[in-house]
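Worksheet for the structure shown next.
Everything quoted here is computed from the prediction, not taken from an experiment. Note that these values count all heavy atoms, side chains included, but never hydrogens, waters or copies made by symmetry.
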Amino acid sequence: MLVVNVAQNADAIQQQINLACEQCRRSPADITTIAVTKYVSVERAQEALNIGIAHIGENRVEGFREKHDAVGNQANVHFIGTLQSRKVKEIIDDVAMIHSLDRMSLAKEIQKRATRKVACFVQVNVSGEQSKQGISPEEVVPFIEELRVYTNVEVVGLMTMAPAITDETQLRSIFSTLRAYKEEVERQGWEHAPCHYLSMGMSNDFRIAIEEGATHIRIGSKLVGKQFE
């Protein structure tokens with residue numbers, strides 16, 4: 001069985017973050033690393049928290065509840081997967097950020113269930129892959145403008161998932177496109193949508209994502225490994 005040293009992994013990732021930030025003249029302090037704990041136990045998630053990781057991310061409501069109930073007092077627990085409207089009520093009181101707002105019906109349910117402003121990333125399908133969730137880039141500005149009626153929804157940024165490819169030019173194009181749309185929303189000066197953040201970059205492409213403007217990176221296997229499917 002492969003032994004995973006979370007502390008060593010975190011050090012290696014931090015070195016890559018530092019190099020990426022040096023390359024684009026940014027501060028590593030501006031990068032939030034979210035440990036994606038979907039495929040690991042509560043105990044492995046706890047290892048990440050023990051070395052100073054303050055943010056964990058879950059793709060499923062059941063996993064979110066398990067991790068939050070076990071370690072939520074030590075971590076900011078993000079929801080980073082597709083969120084069914086009917087399950088909003090199960091996470092809404094405890095979620096740090098929702099990274100997958102992609103339809104008006106979901107915003108309506110967040111508005112209905114929340115008792116506070118909920119930080120949300122609007123998910124954008126920049127690559128156009130049919131297997132990916134998210135609105136199209138052209139929909140970003142009108143979609144976010146329409147969200148102004150939902151006072152419990154705060155659009156803090158945009159999120160995308162790049163394809164599982166190694167073509168750096170294509171990856172940079174996807175990430176820089178999302179950054180351009182983020183900046184376009186920022187220019188609107190909307191109170192409900194400050195849109196200062198970019199959630200993009202995972203284990204295989206986070207360094208490129210940082211160089212293209214990522215503020216939140218989602219790292220799973222390279223940080224905490226993978227214990228089950």
Tell me which pairs pass salt bridge (charged side-chain N to carboxylate O under 4.0 Å, His left out) where either residue lies in [range], with sequence neighbours left out.
range            : answer
residues 169-179 : Glu168-Arg172, Arg172-Glu211, Arg172-Glu212, Arg179-Glu183, Arg179-Glu212
residues 216-229 : Lys226-Glu229
residues 117-134 : Glu129-Lys132
residues 31-41   : none

For Glu66, which residues count as a salt bridge (Lys or Arg N to Asp or Glu O under 4.0 Å) partner, sequence neighbours excluded? none
Applying side-chain hydrogen bond (donor to acceptor under 3.5 Å, both in side chains) as the test, list every pair that has at least one member in residues 4-16; sequence neighbours left out. Gln14-Asn18, Gln16-Arg207
Filter on side-chain hydrogen bond (donor to acceptor under 3.5 Å, both in side chains), then keep only pairs touching residues 141-159, sequence neighbours left out; what's left? Gln111-Thr151
[atom2] on [Y] to [atom1] on [X], rounded to 0.5 Å:
X      : Y      : atom1 : atom2 : answer
Asp94  : Asn76  : CG    : CG    : 12.0 Å
Gln133 : Asp102 : CD    : CG    : 6.0 Å
Gln84  : Glu90  : CD    : CD    : 9.5 Å
Ile217 : Ile31  : CD1   : CD1   : 6.5 Å
Ile91  : Phe64  : CD1   : CZ    : 5.5 Å

Linked hydrophobic residues, [X] as query - side chain contacts closer than 4.5 Å:
X      : value
Met161 : Met97, Phe121, Val156, Met159, Tyr197, Met202
Ile80  : Val36
Tyr39  : none

What pair of heavy atoms forms the shortest contact from Leu147 to His192, and how long is it?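 Closest approach of Leu147 to His192, heavy atoms only: C-CD2, 3.8 Å.
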Taking all heavy atoms of Cys120 and all of Leu101, pick out the closest pair and write down the distance. CB-CD2, 4.0 Å
Could you walk me through whether Glu62 and Arg65 satisfy the salt bridge (Lys or Arg N to Asp or Glu O under 4.0 Å) test, starting with their C-alpha distance in whole Å, then the side-chain angles of each, then the deciding distance to 0.1 Å, before giving a yes or no? CA-CA 5 Å; Glu62 295 77 16; Arg65 286 267 41 106; over 6 Å; no
Which residues share a side chain to side chain donor-acceptor pair (under 3.5 Å) with His216, sequence neighbours left out: none
Could I get the full list of side chain to side chain donor-acceptor pair (under 3.5 Å) partners for Asp30, not counting sequence neighbours?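 Asp30 satisfies side chain to side chain donor-acceptor pair (under 3.5 Å) with no other residue.
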Single-linkage hydrophobic cluster, 4.5 Å side-chain cutoff, [X] and [Y] together:
X      : Y      : result
Leu49  : Leu223 : no
Val40  : Phe79  : no
Phe206 : Val124 : no

